[in-house]
Amino acid sequence: MNLHTKLPSIPFIDVVAQRRRLGSAIDAAVARVLDHCQFILGPEVKAFETELAAYCGAKHVVTCASGTDALVLALRAMGIGPGDAVICPSFTFCATAEVVALVGATPVFVDVDSTTFNIDAKGIAGAVAAAKQAGLKPKAIIPVDLFGLPADHRAIAVAAKAEGLLVLDDAAQGFGATYNHRRLGTFGHVTATSFVTAKPLGCYGDGGAVMTDDDGIADALRSLRVHGQGTDQYDNVRIGLASRLDTVQAAVLIEKLKIFPDEIDARNKAARRYSDRLGDVVTVPVTSHGSTSVWAQYTIQVAEGRRDVVAAQLKAEGIPTAIYYPTPLHRQQAYKHYPVGKGGVTVSERLASEVISLPMHAYLDVATQDRIVDAPRRALKK
Ligand SMILES: *Cc1c(COP(=O)(O)O)cnc(C)c1O
């Protein structure tokens with residue numbers, strides 16, 4: 001029986017429902033930009049940076065064209081380049097390691113913890129050792145707050161201090177989440193985030209931001225995003241890039257930030273409903289270290305080779321799923337020649353074969369979730 005053909009299709013993330021909610025506020029915000037025509041670094045960019053700094057508690061917010069650029073700008077501002085090693089998880093989106101190679105440094109992979117999906121601080125010393133053995137200078141570490149779950153920032157800070165590493169938090173998926181009752185954006189020396197549409201705080205295209213309390217790094221970031229400008233754009237004091245958040249996107253983000261706390265609450269309610277209904281049949285994600293998540297993804301683990309059975313059942317019932325990430329970076333063609341920490345990356349390998357993410361957004365209703373949670377149950381009973 002093919003029930004799902006009569007049921008409405010389920011979106012994996014629901015930008016349309018959010019658009020409906022925001023309604024004319026977005027249209028009016030964009031129209032204001034079209035009226036004043038300051039499309040590059042217009043007044044909305046500055047206003048959004050100020051609001052975002054107040055929201056997350058960072059002293060400086062410097063917006064830019066994407067999350068990937070935010071990471072590149074941060075690494076450049078931190079003075080990282082050829083001969084330097086930067087430690088990052090193998091179980092993450094490729095941009096985390098890509099940016100390290102883009103600035104001429106070398107990524108060194110470290111394993112993650114299976115409950116948080118994030119860097120296991122116990123592996124950091126082994127990654128530093130692997131970097132030194134490869135003749136590199138260990139300079140920094142990039143923890144990722146994967147799926148919206150904060151990394152163990154306290155343990156990472158302790159290990160980073162012991163090894164003399166700078167910390168760049170890749171909060172592209174976790175921005176808005178809290179760790180130890182503080183919002184991400186204030187952990188480590190620098191934090192980078194993304195506003196690409198699919199992220200919890202997404203705009204209508206690409207965008208990103210870098211956050212820091214360090215005045216010198218903030219100055220360097222503002223210079224780097226405009227071709228390394230000095231006193232003006234035609235005074236070039238360093239090699240930079242062209243990477244600004246469009247004024248139109250800043251206008252969109254100002255409106256979206258107003259409903260972001262409410263959306264985070266809705267995501268947390270949806271995550272709790274999933275966990276209540278699925279915790280007895282699969283491994284559900286948990287927040288730890290006194291943290292809260294923004295649930296960029298709601299990712300379950302299905303052991304013993306049964307992940308694909310679950311994926312097939314959901315697909316047959318018209319429920320979209322995604323596998324983030326099917327291949328850990330140390331096994332990707334572009335990254336497999338980079339060093340791996342001494343402790344190995346076995347958890348990353350296992351997660352890649354067991355994770356599956358379910359539809360998650362702030363507009364997920366109870367009836368839809370009921371439909372979704374029944375499918376893995378049915379698949380695992382077979
Ligand atoms: C999305 C993402 C990025 C890159 O963001 P873009 O805005 O797409 O460039 C970087 N790191 C992680 C972990 C991400 O999920």
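Both ligands and their constituent atoms are indexed starting at 1 by order of listing. Just the heavy atoms: all of them, side chains too, but no hydrogens, waters or symmetry mates, feed the values below.
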Requested in this report: Check the surroundings of atom CZ in Arg331: do more than 12 heavy atoms from other residues, nucleotides or ligands lie under 6.0 Å from it?
Outcome: no
Requested in this report: Any pair with a residue in residues 69-104 that passes ring pair (Phe, Tyr, Trp, His ring centres under 6.0 Å), sequence neighbours left out, goes on the list, sorted by first then second residue, please.
Outcome: none
Query raised in the report: Is there any ring pair (Phe, Tyr, Trp, His ring centres under 6.0 Å) pair reaching into residues 193-233, and which pairs are they, with sequence neighbours excluded?
Result: Phe48-Phe195
Query raised in the report: Any sub-3.5 Å donor-acceptor pair from Asp246's side-chain atoms to Gln249's backbone N or O?
Result: no
Enumerate the pairs of nitrogen or oxygen atoms, one from ligand 1 and one from the protein, separated by less than 3.5 angstrom; state names and distance to 0.1 Å.
unit_1: ligand 1; atom_1: 5 (O); unit_2: Ser194; atom_2: OG; d: 3.4
unit_1: ligand 1; atom_1: 7 (O); unit_2: Gly67; atom_2: N; d: 2.8
unit_1: ligand 1; atom_1: 7 (O); unit_2: Ser194; atom_2: OG; d: 2.6
unit_1: ligand 1; atom_1: 9 (O); unit_2: Gly67; atom_2: N; d: 3.4
unit_1: ligand 1; atom_1: 9 (O); unit_2: Thr68; atom_2: N; d: 2.8
unit_1: ligand 1; atom_1: 9 (O); unit_2: Thr68; atom_2: OG1; d: 2.5
unit_1: ligand 1; atom_1: 11 (N); unit_2: Asp170; atom_2: OD1; d: 3.3
unit_1: ligand 1; atom_1: 11 (N); unit_2: Asp170; atom_2: OD2; d: 2.8
unit_1: ligand 1; atom_1: 15 (O); unit_2: Gln173; atom_2: NE2; d: 2.7
unit_1: ligand 1; atom_1: 15 (O); unit_2: Lys199; atom_2: NZ; d: 3.1

**Report entry** Remaining members of hydrophobic cluster (4.5 Å side-chain criterion), Val103
**Finding:** Val62, Leu71, Val72, Leu73, Leu75, Met78, Ile80, Val86, Val99, Val100, Leu102, Ile142, Leu166, Leu168, Val190, Val210, Ile217, Leu221, Leu224, Leu241
Report task. Please confirm whether Arg21 makes a cation-pi placement over Tyr363, using NZ or CZ under 6.0 Å from the six-membered ring centre and within 45° of the ring normal. Result -> no
